Amino acid sequence: MKLAESFYIGGSVTTIAKKLLGKILVTKINNKVTSGIIVETEAYSYKERGSHAFKGLTKRNEVMFERGGKAYVYLCYGVHEMFNVVTNDERKAEAILIRALEPLKGIDIMLERMNKNSPARITSGPGKLAKAMGIDRKLNGEELWMNKIWIEDKGIKIKPTDIVSRPRIGIDYAGEDALLPWRFTVRENKWISKK
DNA sequence: TAGAGGATTGAT
DNA sequence: TCAATCCTCTAC
(Lines give C-alpha, C1' and ligand atoms only; values in the text may rest on other atoms or scores of the structure.)
Protein backbone atom coordinates (compact mmCIF):
# COMPACT_ATOMS: atom_id res chain seq x y z
CA MET A 1 0.00 0.00 0.00
CA LYS A 2 1.26 3.44 -0.95
CA LEU A 3 1.33 5.89 1.92
CA ALA A 4 -1.52 8.38 1.49
CA GLU A 5 -1.23 12.14 1.49
CA SER A 6 -2.30 12.22 5.15
CA PHE A 7 0.95 10.49 6.19
CA TYR A 8 2.89 13.57 5.14
CA ILE A 9 0.63 16.14 6.82
CA GLY A 10 -0.05 17.15 10.39
CA GLY A 11 2.95 15.88 12.32
CA SER A 12 6.24 17.51 13.17
CA VAL A 13 8.88 16.98 10.52
CA THR A 14 11.06 15.09 12.99
CA THR A 15 8.19 12.73 13.88
CA ILE A 16 7.55 11.99 10.22
CA ALA A 17 11.28 11.54 9.59
CA LYS A 18 11.33 8.82 12.25
CA LYS A 19 8.16 7.21 10.91
CA LEU A 20 9.77 6.94 7.47
CA LEU A 21 12.41 4.55 8.82
CA GLY A 22 11.49 1.01 7.78
CA LYS A 23 9.19 2.16 4.97
CA ILE A 24 9.88 1.21 1.36
CA LEU A 25 10.83 3.75 -1.30
CA VAL A 26 9.88 2.59 -4.80
CA THR A 27 10.63 4.13 -8.19
CA LYS A 28 9.45 3.15 -11.63
CA ILE A 29 11.63 4.96 -14.15
CA ASN A 30 11.56 4.03 -17.84
CA ASN A 31 9.51 1.02 -16.77
CA LYS A 32 12.29 -0.19 -14.46
CA VAL A 33 11.22 -0.84 -10.87
CA THR A 34 13.66 -0.45 -7.98
CA SER A 35 12.98 -0.31 -4.24
CA GLY A 36 14.68 -0.16 -0.88
CA ILE A 37 13.96 0.09 2.84
CA ILE A 38 14.58 3.57 4.24
CA VAL A 39 17.19 3.31 7.01
CA GLU A 40 18.43 6.91 7.35
CA THR A 41 16.67 10.29 7.20
CA GLU A 42 17.32 13.92 8.06
CA ALA A 43 14.66 16.52 8.90
CA TYR A 44 14.81 20.14 7.67
CA SER A 45 12.55 23.05 8.62
CA TYR A 46 12.15 26.66 7.50
CA LYS A 47 12.66 27.56 11.17
CA GLU A 48 16.36 26.64 11.24
CA ARG A 49 19.47 27.63 9.36
CA GLY A 50 20.31 24.17 8.07
CA SER A 51 17.40 24.25 5.66
CA HIS A 52 17.23 25.63 2.14
CA ALA A 53 13.92 27.18 3.17
CA PHE A 54 15.34 29.26 6.03
CA LYS A 55 15.81 32.38 3.90
CA GLY A 56 12.40 32.08 2.28
CA LEU A 57 10.97 30.94 -1.00
CA THR A 58 13.22 30.76 -4.05
CA LYS A 59 12.93 29.11 -7.43
CA ARG A 60 14.93 26.12 -6.27
CA ASN A 61 13.09 25.41 -3.01
CA GLU A 62 9.55 26.35 -4.02
CA VAL A 63 8.35 22.74 -3.77
CA MET A 64 9.22 22.80 -0.07
CA PHE A 65 6.59 25.50 0.36
CA GLU A 66 3.89 23.39 -1.22
CA ARG A 67 1.66 20.85 0.50
CA GLY A 68 3.36 17.74 1.87
CA GLY A 69 3.72 14.50 -0.02
CA LYS A 70 5.82 15.75 -2.93
CA ALA A 71 9.37 15.04 -4.01
CA TYR A 72 11.94 17.82 -3.64
CA VAL A 73 14.96 16.97 -5.79
CA TYR A 74 17.91 19.30 -6.25
CA LEU A 75 21.50 19.22 -7.48
CA CYS A 76 24.20 19.34 -4.82
CA TYR A 77 27.82 20.39 -5.47
CA GLY A 78 26.99 20.34 -9.16
CA VAL A 79 27.40 16.59 -9.00
CA HIS A 80 24.71 14.74 -7.06
CA GLU A 81 20.93 14.76 -7.07
CA MET A 82 19.31 14.67 -3.63
CA PHE A 83 15.84 13.30 -2.89
CA ASN A 84 13.66 14.83 -0.17
CA VAL A 85 10.10 14.22 0.98
CA VAL A 86 8.13 17.44 1.51
CA THR A 87 5.91 17.46 4.63
CA ASN A 88 3.13 19.56 6.13
CA ASP A 89 1.01 22.37 4.82
CA GLU A 90 1.64 25.06 2.26
CA ARG A 91 4.05 27.77 3.42
CA LYS A 92 5.28 25.65 6.35
CA ALA A 93 8.31 24.58 4.37
CA GLU A 94 9.65 21.33 5.75
CA ALA A 95 11.32 18.37 4.09
CA ILE A 96 13.06 15.12 4.89
CA LEU A 97 16.26 14.10 3.13
CA ILE A 98 16.44 10.37 2.45
CA ARG A 99 20.07 9.50 3.15
CA ALA A 100 20.29 5.71 2.91
CA LEU A 101 18.36 2.64 1.78
CA GLU A 102 18.67 -1.10 2.16
CA PRO A 103 18.18 -2.35 -1.44
CA LEU A 104 15.25 -4.67 -2.11
CA LYS A 105 14.06 -4.93 -5.71
CA GLY A 106 15.85 -4.23 -8.97
CA ILE A 107 19.34 -4.58 -7.55
CA ASP A 108 20.59 -5.54 -11.01
CA ILE A 109 19.22 -2.25 -12.33
CA MET A 110 20.92 -0.33 -9.53
CA LEU A 111 24.25 -2.03 -10.26
CA GLU A 112 23.92 -1.05 -13.89
CA ARG A 113 23.13 2.59 -13.05
CA MET A 114 26.07 2.75 -10.62
CA ASN A 115 28.45 0.81 -12.87
CA LYS A 116 29.21 -1.60 -10.04
CA ASN A 117 29.47 -5.35 -9.67
CA SER A 118 28.60 -5.67 -5.98
CA PRO A 119 25.66 -4.06 -4.15
CA ALA A 120 27.79 -3.26 -1.09
CA ARG A 121 27.03 0.32 0.08
CA ILE A 122 25.42 1.06 -3.27
CA THR A 123 22.61 3.12 -1.66
CA SER A 124 24.49 4.30 1.47
CA GLY A 125 24.37 8.06 0.96
CA PRO A 126 21.88 10.57 -0.48
CA GLY A 127 23.66 11.13 -3.79
CA LYS A 128 24.24 7.45 -4.35
CA LEU A 129 20.72 6.26 -3.59
CA ALA A 130 19.20 8.87 -5.89
CA LYS A 131 21.38 7.70 -8.75
CA ALA A 132 20.78 4.00 -7.99
CA MET A 133 17.01 4.56 -7.92
CA GLY A 134 17.04 6.63 -11.12
CA ILE A 135 15.89 9.79 -9.32
CA ASP A 136 16.74 13.15 -10.90
CA ARG A 137 15.40 16.69 -11.04
CA LYS A 138 12.70 15.71 -13.51
CA LEU A 139 10.94 14.23 -10.45
CA ASN A 140 11.02 17.53 -8.54
CA GLY A 141 7.45 18.29 -7.47
CA GLU A 142 6.18 14.79 -8.26
CA GLU A 143 3.42 13.57 -5.93
CA LEU A 144 4.39 10.48 -3.96
CA TRP A 145 1.23 8.54 -4.65
CA MET A 146 1.50 8.56 -8.45
CA ASN A 147 3.25 5.98 -10.61
CA LYS A 148 6.86 7.17 -10.86
CA ILE A 149 7.97 7.38 -7.23
CA TRP A 150 6.17 6.44 -4.05
CA ILE A 151 6.59 5.12 -0.51
CA GLU A 152 4.95 1.94 0.78
CA ASP A 153 3.90 1.13 4.31
CA LYS A 154 5.31 -2.32 4.73
CA GLY A 155 9.02 -3.00 4.95
CA ILE A 156 10.18 -3.54 8.49
CA LYS A 157 8.81 -2.50 11.87
CA ILE A 158 11.19 -0.19 13.70
CA LYS A 159 10.90 0.07 17.48
CA PRO A 160 11.42 3.52 18.98
CA THR A 161 14.41 2.14 20.89
CA ASP A 162 16.00 1.11 17.59
CA ILE A 163 16.07 4.69 16.29
CA VAL A 164 19.31 6.61 16.79
CA SER A 165 19.26 10.45 16.69
CA ARG A 166 22.37 12.45 15.85
CA PRO A 167 23.29 15.86 14.39
CA ARG A 168 22.90 16.22 10.63
CA ILE A 169 25.76 15.82 8.17
CA GLY A 170 27.46 18.55 6.18
CA ILE A 171 25.71 21.68 7.44
CA ASP A 172 28.44 23.36 9.49
CA TYR A 173 27.32 26.69 8.06
CA ALA A 174 24.11 26.41 10.13
CA GLY A 175 25.80 27.47 13.38
CA GLU A 176 24.12 26.07 16.46
CA ASP A 177 21.30 24.62 14.35
CA ALA A 178 23.90 22.16 13.06
CA LEU A 179 23.75 20.61 16.52
CA LEU A 180 20.06 19.69 16.32
CA PRO A 181 19.80 15.85 16.54
CA TRP A 182 17.66 15.62 13.42
CA ARG A 183 19.47 12.78 11.67
CA PHE A 184 17.72 9.48 12.30
CA THR A 185 19.10 6.01 11.59
CA VAL A 186 18.08 2.43 12.22
CA ARG A 187 20.40 1.19 14.97
CA GLU A 188 23.33 -0.89 13.71
CA ASN A 189 21.96 -1.14 10.18
CA LYS A 190 24.86 -1.80 7.82
CA TRP A 191 23.41 0.33 5.03
CA ILE A 192 23.54 3.70 6.79
CA SER A 193 25.92 6.29 5.33
CA LYS A 194 29.42 7.16 6.49
CA LYS A 195 30.90 5.92 9.72
C1' DT B 1 26.05 39.86 -14.83
C1' DA B 2 29.83 38.15 -12.07
C1' DG B 3 31.30 35.55 -8.12
C1' DA B 4 30.87 32.39 -4.35
C1' DG B 5 29.70 28.17 -2.56
C1' DG B 6 27.08 23.94 -1.62
C1' DA B 7 22.06 18.80 2.80
C1' DT B 8 28.49 14.60 -1.50
C1' DT B 9 31.50 11.29 -3.20
C1' DG B 10 35.56 8.76 -4.32
C1' DA B 11 40.29 8.96 -5.18
C1' DT B 12 44.94 10.35 -3.31
C1' DT C 1 42.74 16.16 1.97
C1' DC C 2 40.97 17.56 -2.34
C1' DA C 3 38.88 18.01 -6.90
C1' DA C 4 34.79 17.42 -9.70
C1' DT C 5 31.10 20.33 -11.58
C1' DC C 6 26.88 23.22 -12.36
C1' DC C 7 23.36 25.51 -10.71
C1' DT C 8 21.32 28.83 -7.53
C1' DC C 9 21.43 32.88 -5.03
C1' DT C 10 23.18 37.37 -3.90
C1' DA C 11 25.13 41.68 -4.65
C1' DC C 12 26.50 45.18 -7.63
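A, B, ... follow the sequence lines: proteins, then strands. Residue 1 opens every chain. What you see is a predicted model; the values in this text were computed from it and never measured.
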Measure across A/A132 and A/M114 and return the closest heavy-atom pair with its distance rounded to 0.1 Å.
-> N-SD, 3.7 Å

Between atom CD1 in A/I98 and atom P in B/dT8, what is the gap in whole Å?
-> 14 Å

Are any of the side-chain nitrogens in A/E48 or A/R168 under 4.0 Å away from the carboxylate oxygens of its partner?
-> yes

What is the per-nucleotide protein-contact pattern of nucleotides 7-12 of chain C, from the 5' end, where B denotes a base atom under 4.0 Å from a protein heavy atom, S denotes such proximity for sugar-phosphate atoms only, and - denotes neither?
-> SSSS--

Could you state the atom-to-atom distance from CZ of A/F54 to P of B/dA7 in whole Å?
-> 14 Å

A/F65 with A/L97, same ILVMFWY side-chain cluster at under 4.5 Å | yes

The reported gap from NZ in A/K23 to CZ in A/F7 (rounded to nearest 0.5 angstrom) is 5.0 Å

Determine the contact category for A/L97: base if any of its heavy atoms lies under 4.0 Å from a base atom, sugar-phosphate if only primed atoms, P, OP1 or OP2 are that close, otherwise nothing.
-> base

Atom-to-atom span, CD of A/E81 to P of B/dT9 - whole angstrom = 13 Å

Straight-line distance of A/W150 CH2 to A/I24 CD1, nearest 0.5 Å | 11.5 Å

Separation of B/dA7 C1' from A/E40 CD (nearest whole Å) = 11 Å

Nearest heavy atoms of A/N88 and A/G10, plus distance in Å = OD1-N, 2.8 Å

A/N84, A/L180, A/I169, A/I96 screened by side chain to side chain contact (heavy atoms under 4.5 Å, CB included) with A/E42, the one that passes = A/I169

Compare the ring of A/Y44 with the six-membered ring in the base of B/dA7 and state whether they stack (centres under 5.5 Å, planes under 30°).
-> yes

Could you tell me the separation between the CG atom of A/L180 and the C1' atom of B/dA7, rounded to a whole number of Å?
-> 14 Å

Take atom P in C/dT5 and the same atom in B/dA2, then report the distance between them in whole Å.
-> 22 Å

Nearest-angstrom distance from the residue atom NZ of A/K131 to C1' of B/dT9 | 10 Å

In dot-bracket notation, what is the pairing pattern of DNA chain C, taking Watson-Crick (N1-N3 plus N6-O4 or O6-N4) and G-U wobble (N1-O2 and O6-N3) contacts under 3.5 Å, with [ ] crossing and | for other strands?
-> ||||.||||||.

Starting at CG of A/L129 and ending at P of B/dA7, how long is that distance when rounded to a whole Å?
-> 16 Å

Select one nucleotide: of B/dT8, C/dT5, B/dG10, the one nearest the side-chain heavy atoms of A/V79.
-> C/dT5

Think A/Y173 has a side-chain N or O under 4.0 angstrom from the OP1 or OP2 of B/dA7?
-> yes

Rounded interatomic separation in angstrom, taking OH from A/Y74 and P from B/dA7 = 5 Å

Return yes if some donor-acceptor pair links the side-chain N/O of A/D136 with the main-chain N/O of A/K138 below 3.5 Å, else return no.
-> yes

Between the side chains of A/T34 and A/T27, is a donor N or O closer than 3.5 angstrom to an acceptor N or O?
-> yes

